[in-house]
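Report on the structure given below.
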Amino acid sequence: MPRPKDTSYTGDPEYTKFEQMISDRKLCPATAKSYRASYRKCRNLFQKPIRDTAEDTAWKTIQVAEENINTVQALINICILVRQLDPVMPHDELMEQRTINKKDVDEHLKQANSFKELPELSDYDAFVESLWSECKYREYIINFLMRHYYVRNQDLMFDIVDTKTETVADRCKNYLWVNKSKKCITYIRNLYKTAKTYGQKSYDIKNERFIRAVKCCQKMQYAFPICDDPSLIGYHITKMSFNKLGESNCLKIVINHYRDNYQKIKEISQRRGTNMKVLMESYNISYNNENDTNSE
C-alpha cells in the first residue's frame with residue numbers, strides 16, 4: 001500500500017512559490033521529492049516560513065539540529081533556493097556557510113572511503129596507551145579527550161593556562177587550565193558546534209597521566225594550540241588520531257562498543273553536546289532501554 005502523500009504546508013504562500021519553482025525547473029521526481037522533504041524539515045525546525053528566518057539563525061539552527069554534514073548542506077541549499085524566489089532576498093551568508101561546510105563534506109567522504117571495518121575499542125585503548133609509553137604527550141592529550149570526552153575537532157583547539165582569570169579573558173576560546181587548587185586539569189569548552197544550545201562545558205580531569213602530559217606540553221610552547229585556523233584543525237586531528245581515522249570514526253568505535261549500554265550512550269551525548277536522538281540516528285545506535293526512550 002503506498003505511503004500517504006504529505007500535504008503539510010499545502011496552500012502556504014511560500015510553499016506554493018517553492019512548488020512552482022520545482023515545476024519550472026522540471027526536476028526529476030526523486031530530486032523534487034527530496035527538495036520537498038528538506039523544505040518541510042526546515043519549516044519544522046524554524047517554526048515559521050524560511051524567508052521570515054534570518055540567514056544566521058537559519059544555518060546555525062540547522063547545524064545544531066543536524067549532525068550529518070550532508071543533511072546540513074541539503075537544508076542550507078533549500079534555504080538559498082527559497083530566498084532566491086521572487087522577490088529575491090539576501091542569501092550571501094548562507095552561500096558562504098555552504099562553502100565552508102564543503103570542506104567537511106569532502107573530509108566526510110574521504111573518511112567514509114578510507115576503511116571497510118572499524119577496529120575494536122580495545123585496539124583504540126591500546127593505541128592511546130602506546131602514545132603515553134612513547135612520550136607522545138601532544139598526541140596522547142588529543143586522543144585521550146576524543147576517547148573519554150567524545151569531542152569534535154573544533155573542541156580540540158585550546159590554550160593551556162595557569163589561572164582561572166585567563167579562562168575568562170576570552171569566552172570564545174577553549175582551555176586546559178592547570179588547576180593547582182583542585183590538583184587537576186579543568187577542561188573548559190566555550191567554542192564547540194552546539195555551544196549555543198548546551199552552553200559552556202567544564203570538566204575536572206584527575207587522571208594522573210593526563211595531568212603530567214598537559215604539564216609537559218605546557219613547557220613546550222609550540223605544542224598547543226595545535227593551529228589557529230579552524231579550517232585546518234580536521235587535518236591535524238586526523239593525522240594524530242588512531243589509524244588516522246579522524247574524530248568521527250574514532251567516536252564510531254566507542255559507540256559501536258557501547259551500543260547496547262543506554263547509560264554510556266547518555267554520557268557520550270552529554271559530554272559531546274549532542275542530542276541523544278541525533279547521536280543514535282547519525283551513528284545507527286541501538287540500545288536496550290525499556291523505561292526511558294526520550295532524547296536529551
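Sequential numbering from 1 along the given sequence is applied to the chain's residues. Hydrogens, waters and symmetry mates play no part in the numbers below; they use all other heavy atoms, side chains included. From a predicted model like this one, the values you see are computed outputs, not experimental measurements.
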Would you say the side chains of D162 and Q218 form a donor-acceptor pair under 3.5 Å?
yes
Distance only, no hydrogens: is a donor on one side chain within 3.5 Å (strictly under) of an acceptor on the other, for Y124 and E120?
no
Between Q63 and N101, is any side-chain donor less than 3.5 angstrom from a side-chain acceptor?
yes
cation_pi(R271, Y149) dist<6.0 Å, angle<=45:
yes
When every non-hydrogen atom of K173 is compared with those of D170, the smallest separation belongs to CD-OD2, 3.1 Å
What's the verdict on side-chain contact (heavy atoms from CB on, under 4.5 Å) for K164 and Y175, showing C-alpha distance, side-chain angles and the deciding distance?
CA-CA 10 Å; K164 184 176 181 179; Y175 301 94; over 6 Å; no
Please identify each residue that fulfils side chain to side chain contact (heavy atoms under 4.5 Å, CB included) with I211, with sequence neighbours left out.
I185, K215
Measure centre to centre between the rings of F18 and Y39, then say whether the value is under 6.0 Å.
yes
Stepwise, does the side-chain hydrogen bond (donor to acceptor under 3.5 Å, both in side chains) test hold for E166 with W177?
CA-CA 9 Å; E166 291 173 278; W177 166 27; over 6 Å; no
Would you tell me whether R152 and T274 have side-chain atoms, one donor and one acceptor, within less than 3.5 Å of each other?
yes
Counting only heavy atoms not in Q47, do more than 12 sit closer than 6.0 Å to its CD atom?
yes
Walk me through it: do M146 and F242 pass the test side-chain contact (heavy atoms from CB on, under 4.5 Å)?
CA-CA 10 Å; M146 287 198 296; F242 176 43; over 6 Å; no
Taking atom NZ of K183 as the centre, report whether more than 12 heavy atoms of other residues, nucleotides or ligands fall under 6.0 Å from it.
no
Centre of Y192's six-membered ring, under 6.0 Å away, within 45 degrees of the axis: is that where NZ or CZ of R189 sits?
yes
Determine whether more than 12 heavy atoms belonging to other residues, nucleotides or ligands lie under 6.0 Å from atom NZ of K136.
no
